[in-house]
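In what follows, every chain begins at residue 1, and chains take the letters A, B, ... in the order their sequences are listed. Only heavy atoms go into these numbers, but all of them, side chains included; no hydrogens, no water, no symmetry mates.
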2 protein chains.
Amino acid sequence: MTRAQQKERTRRAIIDAAFAQLSPDKGFSSLSLREVAREAGIAPTSFYRHFADMDELGLTLVDEAGLMLRQLLRQARHRIEKNGSVIRTSIETFMEFVVGNSNVFRLLLRERSGTSAPFRRAVAREIQHFCAELADYLRKETACPDEFAQVQAEAMVTLVFHAGADALDASPDLRLQITHKTITQLRWLAHGAAGYGRRPKE
Amino acid sequence: MTRAQQKERTRRAIIDAAFAQLSPDKGFSSLSLREVAREAGIAPTSFYRHFADMDELGLTLVDEAGLMLRQLLRQARHRIEKNGSVIRTSIETFMEFVVGNSNVFRLLLRERSGTSAPFRRAVAREIQHFCAELADYLRKETACPDEFAQVQAEAMVTLVFHAGADALDASPDLRLQITHKTITQLRWLAHGAAGYGRRPKE
DNA sequence: AAAATTAGCTTACAGATGTAAGCTAAATGT
DNA sequence: ACATTTAGCTTACATCTGTAAGCTAATTTT
């Protein structure tokens with residue numbers, strides 16, 4: 001095995017170890033270099049061969065999480081083509097992601113309002129990408145007036161992320177309730193945005 | 001001065017010190033007992049005469065923050081009586097709070113999605129009180145159907161809190177934009193919730 | 001084949017942290 | 001008045017942290 005391959009493998013081990021150590025009780029900021037290194041199977045100081053900082057690791061994790069989000073949106077689109085109900089399908093897809101990758105979602109949630117400004121910016125950027133893609137979709141595929149699409153998309157993402165956050169701590173059937181509630185909220189929003197053109201300002 | 005008075009005074013000093021040490025770069029979990037004690041002007045171990053834990057301190061802070069929130073809502077109501085525009089007035093009142101008490105608001109924001117389950121529950125409870133009061137108001141004073149009031153209130157609070165979070169990092173004129181955007185979003189919601197009675201389910 | 005690079009290791013250190021043990025002195029209770 | 005309680009202090013300790021210094025051995029380069 002080549003040296004570059006080995007290095008990449010260790011790098012992944014570090015990233016995976018970090019994701020694995022995140023939990024409901026442990027955010028990224030309370031991860032320690034030593035623990036991550038231990039779980040990755042390397043000596044503490046070897047960590048520095050791959051990342052200058054824990055911060056650099058963290059930003060890498062956020063990047064990966066953002067990537068997953070965007071893949072999610074495309075997956076939802078495929079499902080919509082076969083299913084029809086846009087809002088319901090999207091939310092259900094999202095909920096599956098949250099439940100199945102809770103560590104990833106929690107990372108975004110926490111660092112969005114965390115103590116590190118660079119982290120906050122990184123998360124904000126990922127979510128903004130997500131919003132922009134959704135806005136595009138709304139413009140093309142729904143009755144939403146073009147100039148409202150972005151604002152509507154942001155509101156929708158806000159509500160859905162919040163629902164996801166609630167779902168993290170919830171039992172499966174409470175999760176269903178949350179899904180229901182969120183669907184209602186998004187429909188109100190879509191309805192309002194579609195039928196409110198007459199009053200664009202103040 | 002009586003002993004009880006002195007004790008209460010020190011207790012306040014601790015609470016104030018804790019609030020003062022919160023910052024954009026420092027959340028509650030990264031506060032250290034020693035630093036708080038230092039700022040409060042007592043020895044590290046004296047802290048334990050007032051709180052069993054740092055956690056106990058933290059929950060006290062969350063309680064105080066929740067109290068402020070509820071006072072805020074009443075203040076907004078007074079203003080509405082004199083001003084008229086419900087949504088605009090409410091959001092502007094909220095934004096003033098966020099800017100003027102950023103440490104308090106940040107505490108709620110962060111611990112809402114933080115690593116401590118008790119903290120998350122405490123914050124969730126405070127926000128839920130806030131939602132319930134708002135729902136009451138919507139039922140009494142607006143065209144919102146009774147059974148939708150709670151769900152609408154929750155969506156509104158979600159959007160407004162999110163706007164507050166964005167405003168924390170924003171420049172004053174970006175803050176105005178955010179306020180504007182949020183007003184639009186809340187109007188859509190109100191509009192949708194009011195005119196959507198025909199389709200209560202699915 | 002020799003030289004250079006580098007992924008990873010071991011050892012070592014200084015600093016901060018939470019908290020236990022035991023003291024002092026002032027306010028309280030009787 | 002004396003006895004009790006207690007707010008706060010000082011000292012001490014074990015633990016965990018990030019990271020610096022210097023080594024080894026294997027891969028790459030020349």
Kindly list each side-chain donor-acceptor pair under 3.5 angstrom involving residues 146-153 of chain A, sequence neighbours excluded, with atom names and distances?
residue: Gln150(A); atom: NE2; partner: Glu154(A); partner atom: OE2; Å: 2.9

Among residues two or more places apart or on two chains, list those pairs meeting ring-ring contact (aromatic ring centres under 6.0 Å, His included) that have a residue in residues 51-72 of chain B. Phe47(B)-Phe51(B)

For DNA chain D, the residues among residues 17-30 of chain B that have a non-hydrogen atom under 4.0 Å from it: none

For residues 27-38 of chain A, the side-chain hydrogen bond (donor to acceptor under 3.5 Å, both in side chains) pairs (sequence neighbours left out) are Lys26(A)-Glu35(A)

Not counting sequence neighbours, which residues clear salt bridge (charged side-chain N to carboxylate O under 4.0 Å, His left out) with Asp63(A)? List them please. Arg125(A)

Are there any protein N/O atoms within less than 3.5 Å of an N/O atom in nucleotides 26-28 of chain D, and if so, which ones and at what distance?
residue: dA26(D); atom: N3; partner: Arg3(A); partner atom: NH1; Å: 3.4
residue: dT27(D); atom: O2; partner: Arg3(A); partner atom: NH2; Å: 2.8
residue: dT28(D); atom: OP1; partner: Thr2(A); partner atom: OG1; Å: 3.0
residue: dT28(D); atom: OP1; partner: Arg3(A); partner atom: N; Å: 2.7

For residues 48-55 of chain A, which residues have at least one heavy atom under 4.0 Å from DNA chain C? Arg49(A), His50(A)

Test of understanding: with side chain to side chain donor-acceptor pair (under 3.5 Å), list the residues that count as partners of Glu39(B), not counting sequence neighbours. Gln21(B)

Contacts of Glu92(A) meeting salt bridge (charged side-chain N to carboxylate O under 4.0 Å, His left out) (sequence neighbours excluded), chain-then-number -> Arg88(A)

Atom pairs and distances, donor-acceptor, side-chain atoms in residues 74-81 of chain B, under 3.5 Å, two or more places apart:
residue: Arg79(B); atom: NH1; partner: Glu96(B); partner atom: OE2; Å: 3.2
residue: Arg79(B); atom: NH2; partner: Glu96(B); partner atom: OE1; Å: 2.7

Distances under 3.5 Å between nitrogen or oxygen atoms of protein and nucleotides 11-14 of chain D:
none

Listing request: all ring-ring contact (aromatic ring centres under 6.0 Å, His included) pairs with a residue in residues 119-146 of chain A, at least two apart in sequence or in separate chains. Phe28(A)-Phe119(A)

